[in-house]
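Worksheet for the structure shown next.
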Amino acid sequence: MAPKKKPESDPHGMFSGMVVFLVPKGVQSRRFQIWKERLVQMGAVIEERFSKRVTHVFAMHSDALLQQLDRERLSRFKGRVLLYQWLEDCLKSGEILSEDMYLLKLDSQGEHIPEKSLDPGLTNQRTSSDLQQLLNKKSKLSTEDTKIVKNESHDDDGKEKAVFSSTSTISSHGEVDSLSYGNTRQQHLDAENEASSLSYHPPDLNKNITEIFGKLVNIYRALGDDRRSFSYHKAIAVIEKLPFKIESTDQINNLPSIGKSMKDHVQEIMTTGKLSKLEHFETDEKVRTISLFGEVWGIGPSTALKLYEKGHRSLDDLRNDDSLTNAQKLGLKYFDDIGQRIPRHEAQEMEHILQKVGEDVLPGVVIICGGSYRRGKATCGDIDIIITHPDGKSHKGFLPKFVKHLKDMNFLREDLIFSSHSEEATDSGVDTYFGFCTYPGRELRHRIDLKVYPRDIYAFGLVAWTGNDVLNRRLRLQAESKGFRLDDTGLFPATQGSGGKRGAKGSASLKFNTEKEIFDFLDFPCLEPHERNL
DNA sequence: AATAATGTGGC
DNA sequence: GCCACA
DNA sequence: TATT
Ligand SMILES: [Mg+2]
Ligand SMILES: [Mg+2]
């Protein structure tokens, strides 16, 4: 017998192991038949029902998908939903491509946003500003958020993570925290996934790799090599999305952000379970010391290096160096304090204290806690306070009085930065205070930032100081792509001249009263604060 | 070899 | 130019 | 470091 030219099914084909369910809607029947045959030829199993065995679903678009399968089932589906295009491209290239770009997602249609519904008699949102909304809420019930906080890994802003966690013989404050990115990816498979998205996060397959890369992210950042740090950051994101455990570098051949060097590292980790490059860093006194020094407020990669070259090796060495700036000395003095995260409810209490004192100093003043608190985090690295006044005028000169009151009552303790522009209307009239505060009755220092914005640019301040940093960068890039420049004081037509100048804004800012108006203008999805933990 | 993840103020 | 902030 |  001659060997078969066209085997009905090849158990070693490139699609072997896949159990697929095909959504025919929107597909030319001829094409549908071809794809079906090719899948079978290459080792896939076609399932006629959307059963538990299914590992992949293919559809032309989300409408077709939803017509065939109900959201409930899909939300529990643990495989992947892909566009037929993936199939097409794989067949064209003759190899399995990354599925990442072909994931079919469902638009969430904002079903169950917990907050915001507490606004029964208020439909005048068309003309309402963020400021007005705050004022309305204030006069109704002061029950702040009943938000549902999920995110456990407090990765966010505030204190940067210790690069080397516990093994430091020099010092280490109580940051438990298994550092870095994708590791603590909870298996929140069912929890609140609902109909929001079908993107499926496999439990830490490849944790072996991403954990190590995550440490390199932090080390390179501490060394000031931001580009390299970010390269690892991107590689982690790509690897985390893979639906399989990497067992050969062939499997990561055409992935974005993963080049020769990354592949070599993956190879080494696969075979030895570790990365000599990392081991080297972690035992290198210079790297360890610079990383530690950089955790001090006011000391960055450059200063840390200089201090190392000066011969310093421990925080105690630094404490005996009088050349440190005052801010750096304070950062050193309260090194451990600052490393303590602030429980959400305490941040909320401090927000209330500030609101009460603020009202005494200037009736009508609006004071809210932004940053990670506003984004709904369970703990906060520091306290960010954003302030304005609805009359558009009396915010001027408020901050110095406010700070004095807060110091008199021992809430504010030491200063890092204090600048006032509101009286002269320089720097867009924004006043700034950076310093330390304490919770009533305690001595533990927390970092606190106070920012006062004129009413007319309040929305920009709110966006910027709610963050997170990643969102801010994305918004600013989006603004740039539209020929604008975004910062915490406004949105400006891009200056033509070299564009590089710092502080040259050319012309006046567009005027927006709400965060939504800013998002909308940039054609950026208007995210609720708790959705801004990017 | 250039570019990439922002823009700003204090120091 | 460094450092901080989101 | 990855990409162009
Ligand atoms: Mg530092
Ligand atoms: Mg913060």
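If you're wondering where the values come from, they're calculated on a predicted model, not measured in any experiment. Just so it is clear: chains get the letters A, B, ... in the order the sequence lines come, proteins before strands, and each one is counted from 1.
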Is there a donor N/O on one and an acceptor N/O on the other, under 3.5 Å, for the side chain of Asp469(A) and the base of dA6(C)?
no
Report which part of the nucleic acid Leu475(A) touches: base, sugar-phosphate, or nothing (heavy-atom distance under 4.0 Å, all strands).
nothing
Could you grab the distance from atom CD of Gln267(A) to atom CD1 of Ile252(A), nearest 0.5 Å is fine?
8.5 Å
Distance between the P atoms of dA6(C) and dA4(B), in whole angstroms?
25 Å
For residues Tyr453(A) and Tyr458(A), establish whether the separation of their ring centroids is below 6.0 Å.
no
Reckon Leu534(A) touches a base, only the sugar-phosphate, or nothing at all at heavy-atom distances under 4.0 Å?
nothing
Looking at every strand, decide which applies to Arg447(A) at a 4.0 Å heavy-atom threshold: base, sugar-phosphate, or nothing.
sugar-phosphate
Less than 4.0 angstrom from a charged side-chain N to a carboxylate O is my criterion; do Lys333(A) and Glu414(A) meet it?
no
By the 4.0 Å heavy-atom rule, please label Leu486(A) as base, sugar-phosphate, or nothing.
sugar-phosphate
Quick one: is dG10(B) close enough that its OP1 or OP2 comes under 4.0 Å of any side-chain N or O from His421(A)?
yes
Between the base of dT6(B) and the side chain of Arg473(A), is there a donor and acceptor pair under 3.5 angstrom?
yes
Would you indicate what Asp427(A) reaches in the nucleic acid, counting non-hydrogen atoms under 4.0 angstrom: base, sugar-phosphate, or nothing?
sugar-phosphate
Cationic N near anionic O, under 4.0 Å, Glu349(A) to Arg344(A):
no
